[in-house]
Every structure is written in structure tokens, then in C-alpha cells.
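Along the sequence shown, residues carry numbers from 1.
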Amino acid sequence: MQGKKTILSIETSCDETAMALVRCSGTLKSPKFEVLQNIVSSQIAIHRPFGGVVPNLAKREHIKNLPKIFKQLLKKEKGLIKKIDLIAVTVGPGLEPALWTGINFAQELSAKIKKPLIGANHMEGHLYSGLLPAGKKIKKNSDSKVQFPAVALVVSGGHTMLLHMTALNKWTKLGETLDDAAGEAFDKVGRILGLPYPGGPEIQKSAAKGNPEAVKFPRPMLNKKNYEFSFSGLKTSVLYFLRDNPTFNKSDIAASFQRAAVDVLTKKTMRAAEEFKAKTILLCGGVSANKPLQESLRTESGRMKIKFIVPDFEYNTDNAAMIAVAGYMSLLGRKKKLPMEAQGNLTI
Ligand code: KG4
Ligand code: ZN
């Protein structure tokens with residue numbers, strides 16, 4: 001099926017209020033995307049004093065930000081309403097009070113401007129974020145970019161999983177984390193080290209000044225012959241190490257923790273790539289912003305002559321452009337429409 005749709009997308013699953021306008025065209029096998037607008041309003045400063053996202057604060061901020069961002073879009077994109085063919089909104093997974101704000105806004109807008117509305121899965125958005133062109137230009141043959149079979153490492157604040165993909169809309173889950181997600185581990189270790197929220201980017205920054213060989217932290221699940229992960233033991237090791245060595249250089253600890261996490265993520269992904277004879281490795285989700293992780297997977301993929309795809313920096317962490325892609329792909333390929341209600345635990 002071939003389609004051509006300009007999608008207004010809305011994302012409020014966590015602490016970013018985001019809206020985008022994306023021109024989508026092409027088929028399920030060869031979709032193309034042109035990002036016309038991409039606005040992300042981060043609430044990090046508001047949640048930072050609490051050391052994590054406070055759901056009701058997130059809800060309040062989304063309610064305040066959504067009409068503001070929509071007004072900005074109206075100003076930036078001439079003839080916006082006429083251009084919209086479809087509205088896509090994240091219905092899960094995420095924080096339900098936060099998700100509802102986006103859904104309610106989308107429903108009201110859909111009724112007001114008389115455009116259809118579909119629900120999108122946030123994790124599918126991450127999975128497809130590597131299809132979005134860097135910058136605003138259309139990516140030629142973004143289709144041919146992913147060659148199958150492919151292995152996708154999805155690493156965010158709430159999820160860590162490996163997928164085996166045989167087409168853009170066909171995959172099976174090989175394994176996921178048994179406890180903390182990778183991003184969650186970065187955030188918790190950040191807190192242990194006294195770094196501001198979110199810990200991920202702060203650990204990367206601190207680690208750049210440290211020695212990754214300074215502390216030999218455990219590599220959880222590395223020797224298990226499965227594709228499951230576990231990060232809570234690694235986090236606890238950092239906690240105990242700091243308790244027993246309170247004056248130890250924090251950057252060395254950050255670098256050693258990061259090296260352990262990157263090691264496990266890389267080795268499990270490469271093992272899956274080998275077993276399933278992957279032609280492409282996709283890295284996505286907020287933790288895909290991590291440069292040492294990108295470098296490690298790029299190097300190993302290169303060694304095995306496998307194509308490596310990571311989203312452009314503006315699409316690593318939460319954004320709405322990826323939600324337009326998820327909406328478009330589900331429209332082209334989909335089985336069942338997602339109900340218009342917040343589904344905190346929606347799976348991929
Ligand atoms: O995908 P995302 O924006 O939100 C969720 O869907 O969860 O991911 C956010 C997560 C946070 O845990 C954050 O610390 C982590 O991604 N993150 C990073 C980096 N940038 C963001 N983790 C490691 N290194 C980074 N540079
Ligand atoms: Zn996310």
C-alpha cells in the first residue's frame with residue numbers, strides 16, 4: 001500500500017511535551033519522511049529538584065505546554081491546518097496521567113479541525129527513529145537503509161530490549177531487562193554519584209574525564225546464553241563501591257560504570273547479530289544518545305561488515321517526529337487500531 005500523509009504528531013508520555021509535522025510517503029517497504037517541524041519542550045528543570053519525573057507535575061506542565069506549542073506551530077508553518085491529513089498521538093507506554101494530556105488535546109483538536117486521529121506506540125516510535133532524516137531534508141531511500149534481517153537494541157529510560165526484525169513491521173522480541181532499564185541504571189547511578197537528573201548525559205560527561213578501567217564492575221548476564229539484561233546488580237555494585245571508597249574519583253567510577261553497561265549492551269547485541277545473521281543493527285531509545293555506546297556498536301558492526309544505524313541526535317531522546325513515523329507505519333501495515341486511551345504498559 002502506498003500513502004502520502006502529512007501528520008501532526010503529539011508526544012507526552014514522560015517529561016517532554018513534543019509536537020511535530022512530518023510529511024510521510026512511500027510504502028511499508030520503502031517509507032520516506034520529511035520533517036517539516038519538530039518542537040520539543042523539555043521539563044527537565046522542573047523535575048530536577050526531585051531527582052526524577054513526578055507524574056502529576058509532568059501532567060500539569062503538559063497541559064500548560066500543549067496549547068503553547070501548537071500556537072508556535074501555527075506561527076512557524078503557514079497554512080498548518082490545511083496541510084494536516086492526520087493527527088497521531090502517543091497512547092503508551094508511559095506515565096498515564098501524562099499520556100492522557102496528549103490524548104485529550106489530540107481528541108479536541110481532531111474534533112475542532114475535523115481531521116482523523118490515530119494512536120501510536122512510543123516504543124515503535126523509538127524503533128523507527130533511525131528512519132528520520134538528519135536535518136530537515138528528505139532521506140533518499142530511507143527504505144533501503146535497513147537491510148533485513150536486522151537486530152534492534154532499544155534502550156530508553158523505561159525499556160531495554162533486543163528485537164529480531166525481518167521487515168520494518170515484523171519483529172520478535174529476543175529478550176529484555178529483568179529489572180532496571182539501561183537508562184534507569186544511568187539515572188540511578190547518576191543520583192548515587194550526586195549528579196543532576198537525568199543521569200545519562202551527566203554520566204557521559206563525567207566519564208569523559210575518568211578512567212574506564214579504574215574499577216572492574218560486574219558485567220551482568222554477559223555469560224548467560226540468552227538475550228536478557230539485568231542492570232540492578234551493577235547499580236548496587238556502584239553503590240557499595242562508593243560506600244566503601246567514599247573519596248574515590250567520581251569520574252573514574254562514572255567511566256567504569258559506563259564501560260560495564262556499554263560492554264554488556266554491545267556484546268549481547270553482537271551475539272544476536274551473529275546468531276541471526278543480521279545485515280543491519282539499529283540502536284534507538286534515549287540511551288542511544290550515549291556516544292561511547294554508539295562508538296562501541298559502530299566499531300563492532302564495522303568489524304562484522306554489518307550496517308549500523310543510529311538516529312540523528314535530535315531523535316535519540318523523546319520527540320514527536322518519531323510518533324508521526326510510528327503512526328504512518330501502523331497505518332500502512334496495521335492489524336488493529338490502538339484504542340484512544342492511555343496504556344501505561346503497552347508493549348511493542
Ligand atoms: O527515550 P527517552 O528519552 O525516554 C524514555 O522513553 O524513557 O530516554 C530517556 C533516558 C534517560 O534514562 C536518560 O538518562 C537516558 O535516556 N539518556 C542517556 C543519554 N542521554 C539520555 N543515557 C546515557 N547517555 C546519554 N548520553
Ligand atoms: Zn522514549
A.B. asks: Sequence neighbours left out, what passes salt bridge (charged side-chain N to carboxylate O under 4.0 Å, His left out) with K83? Give chain and number order.
C.D. replies: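 Scan of K83 (salt bridge (charged side-chain N to carboxylate O under 4.0 Å, His left out), adjacent residues dropped) gives E77.
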
A.B. asks: Short question: side chain of T177, backbone of T160 - any donor-acceptor pair under 3.5 Å?
C.D. replies: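 Looks like no, no N/O pair under 3.5 Å.
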
A.B. asks: Applying side-chain contact (heavy atoms from CB on, under 4.5 Å), name anything that partners D263, two or more places apart in sequence or on another chain.
C.D. replies: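 Per chain and number, D263 pairs via side-chain contact (heavy atoms from CB on, under 4.5 Å) with R219, R259, K267.
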
A.B. asks: Can you tell me if D85 uses its side chain to pair, donor with acceptor, with the backbone of T6 under 3.5 Å?
C.D. replies: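 Answer holds: yes.
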
A.B. asks: Side chains of L153 and I281: does their closest heavy-atom pair fall under 4.5 Å?
C.D. replies: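 SC-SC contact between L153 and I281 ruled out.
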
A.B. asks: Testing the basics here: between P198 and I44, what is the closest heavy-atom pair and its distance to 0.1 Å?
C.D. replies: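 Heavy atoms of P198 and I44 come nearest at CD-CD1, 3.7 Å.
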
A.B. asks: Of all residues at least two apart in sequence or in a different chain, which pass the salt bridge (charged side-chain N to carboxylate O under 4.0 Å, His left out) check with D180?
C.D. replies: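 By the salt bridge (charged side-chain N to carboxylate O under 4.0 Å, His left out) rule, D180 matches K188, K235.
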
A.B. asks: Looking only at side-chain N and O atoms, does T90 offer a donor or acceptor that is under 3.5 Å from a partner on E11?
C.D. replies: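 Indeed, the side chains of E11 and T90 share at least one donor-acceptor pair under 3.5 Å.
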
A.B. asks: Residues two or more places apart in sequence or in another chain: which of them pass salt bridge (charged side-chain N to carboxylate O under 4.0 Å, His left out) with K173?
C.D. replies: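 Per chain and number, K173 pairs via salt bridge (charged side-chain N to carboxylate O under 4.0 Å, His left out) with E176.
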
A.B. asks: Check which hydrophobic residues are tied to I46 through side-chain heavy-atom contacts below 4.5 Å, counting indirect links as well, and list them.
C.D. replies: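 Besides I46, the cluster holds F50, V54, L57.
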
A.B. asks: Look at the side-chain heavy atoms of Ile, Leu, Val, Met, Phe, Trp and Tyr, link any pair under 4.5 Å apart, and say whether Y328 and M123 land in one connected group.
C.D. replies: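 Same cluster.
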
A.B. asks: L99: which other cluster members, linking ILVMFWY side chains closer than 4.5 Å, directly or transitively?
C.D. replies: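 Members other than L99 - counting any ILVMFWY side chain reachable under 4.5 Å - there are none.
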
A.B. asks: Should the ring pair F276 and Y227 be called parallel, tilted or perpendicular, given that the plane angle runs from 0 to 90° and is split at 30 and 60?
C.D. replies: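 It falls in the tilted class, 30° to 60°.
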
A.B. asks: Check for a donor-acceptor pair, side chain of N121 on one end and backbone N or O of T347 on the other, with a separation under 3.5 Å.
C.D. replies: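 Flag set: sc N121 to bb T347 pair under 3.5 Å.
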
A.B. asks: Can you list, by chain and residue number, the hydrophobic cluster partners of L95 when the side-chain cut-off is 4.5 Å?
C.D. replies: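 So far as hydrophobic clustering goes, L95 is joined with V53, Y197.
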
A.B. asks: What is the minimum heavy-atom distance between G51 and R191, and which atoms define it?
C.D. replies: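 Closest pair (atom of G51, atom of R191, distance): O-NH2, 3.0 Å.
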
A.B. asks: Is there a donor-acceptor pair closer than 3.5 Å between any side-chain N or O of E16 and the backbone N or O of C14?
C.D. replies: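 No; zero donor-acceptor contacts below 3.5 Å.
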
A.B. asks: Tell me if a side-chain donor or acceptor on K268 pairs with a main-chain N or O of N226 at a distance below 3.5 Å.
C.D. replies: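 Confirmed, K268 side chain pairs with N226 backbone.
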
A.B. asks: Using side-chain contact (heavy atoms from CB on, under 4.5 Å) as the criterion, list what pairs up with S251, not counting sequence neighbours.
C.D. replies: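 For S251, the residues satisfying side-chain contact (heavy atoms from CB on, under 4.5 Å) (neighbours in sequence not counted) are S206, K209, N249.
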
A.B. asks: Would you please test M329 and N169 for side chain to side chain contact (heavy atoms under 4.5 Å, CB included) and show each step?
C.D. replies: CA-CA 8 Å; M329 297 301 279; N169 67 332; 5.6 Å; no

A.B. asks: Taking the side chain from Q294 and the backbone from S288, do they hold a donor-acceptor pair closer than 3.5 Å?
C.D. replies: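 Yes; at least one donor-acceptor contact below 3.5 Å.
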
A.B. asks: Hydrophobic clusters here meaning ILVMFWY residues chained together by side-chain heavy-atom distances under 4.5 Å, can you tell me if V35 and V310 are in one?
C.D. replies: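 No, V35 and V310 fall in different hydrophobic clusters.
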
A.B. asks: Got a sec, which residues hit salt bridge (charged side-chain N to carboxylate O under 4.0 Å, His left out) with R303, two or more places apart in sequence or on another chain?
C.D. replies: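 So R303 forms a salt bridge (charged side-chain N to carboxylate O under 4.0 Å, His left out) with E300.
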
A.B. asks: Under 3.5 Å, side chain of S256 to main-chain N/O of V215, donor-acceptor pair present?
C.D. replies: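 Looks like yes, one N/O pair under 3.5 Å.
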
A.B. asks: Considering only residues two or more places apart or on different chains, which pairs with a residue in residues 92-121 satisfy salt bridge (Lys or Arg N to Asp or Glu O under 4.0 Å)?
C.D. replies: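 Sorted result for residues 92-121: empty, none.
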
A.B. asks: Do you know which two heavy atoms are closest between G158 and A181, and how far apart they sit?
C.D. replies: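 Smallest heavy-atom distance, with atoms named: C-CB, 3.5 Å.
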
A.B. asks: Start with the C-alpha distance between K64 and E61, add both sets of side-chain angles, then the distance that settles salt bridge (charged side-chain N to carboxylate O under 4.0 Å, His left out), and finish with yes or no.
C.D. replies: CA-CA 5 Å; K64 213 160 67 186; E61 289 303 303; 3.2 Å; yes

A.B. asks: Same cluster or not: Y128 versus L283, using hydrophobic residues (I, L, V, M, F, W, Y) connected whenever any side-chain heavy atoms lie under 4.5 Å apart?
C.D. replies: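 As far as the 4.5 Å side-chain criterion goes, L283 and Y128 are not connected within one cluster.
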
A.B. asks: Considering only heavy atoms from C-beta outward, does the side chain of K76 approach that of I39 to under 4.5 Å?
C.D. replies: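 Of all side-chain heavy-atom pairs linking I39 with K76, at least one is under 4.5 Å.
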
A.B. asks: Is there a side-chain contact between Q37 and L80 in this structure, where contact means two heavy atoms from C-beta onward sitting under 4.5 Å apart?
C.D. replies: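 No; the side chains remain at least 4.5 Å from each other.
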
A.B. asks: What's in the same ILVMFWY side-chain cluster as L178, cut-off under 4.5 Å, chained through other members?
C.D. replies: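 Answer for L178: M221.
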
A.B. asks: With I192 as reference, evaluate T236, D187, I253, L239 under the side-chain contact (heavy atoms from CB on, under 4.5 Å) test and give the passing residue.
C.D. replies: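 Of the listed residues T236, D187, I253, L239, the side-chain contact (heavy atoms from CB on, under 4.5 Å) partner of I192 is L239.
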
A.B. asks: Sort and list the pairs that fulfil ring-ring contact (aromatic ring centres under 6.0 Å, His included) and have at least one residue in residues 230-259, not counting sequence neighbours.
C.D. replies: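 Counting only pairs at least two positions apart or across chains, the ring-ring contact (aromatic ring centres under 6.0 Å, His included) contacts touching residues 230-259 are F186-F257, F217-F241, F241-F248.
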
A.B. asks: Please report the closest heavy-atom contact between G285 and S156, naming both atoms and the distance.
C.D. replies: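 Closest pair (atom of G285, atom of S156, distance): CA-CB, 4.3 Å.
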
A.B. asks: My understanding is that only one of T12, T17, D15 makes a side-chain hydrogen bond (donor to acceptor under 3.5 Å, both in side chains) with H62; could you say which?
C.D. replies: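 For H62, the side-chain hydrogen bond (donor to acceptor under 3.5 Å, both in side chains) check succeeds only for T17.
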
A.B. asks: Any carboxylate oxygen within less than 4.0 angstrom of a Lys/Arg side-chain nitrogen, looking at R298 and E295?
C.D. replies: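 Yes, R298 and E295 are salt-bridged.
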
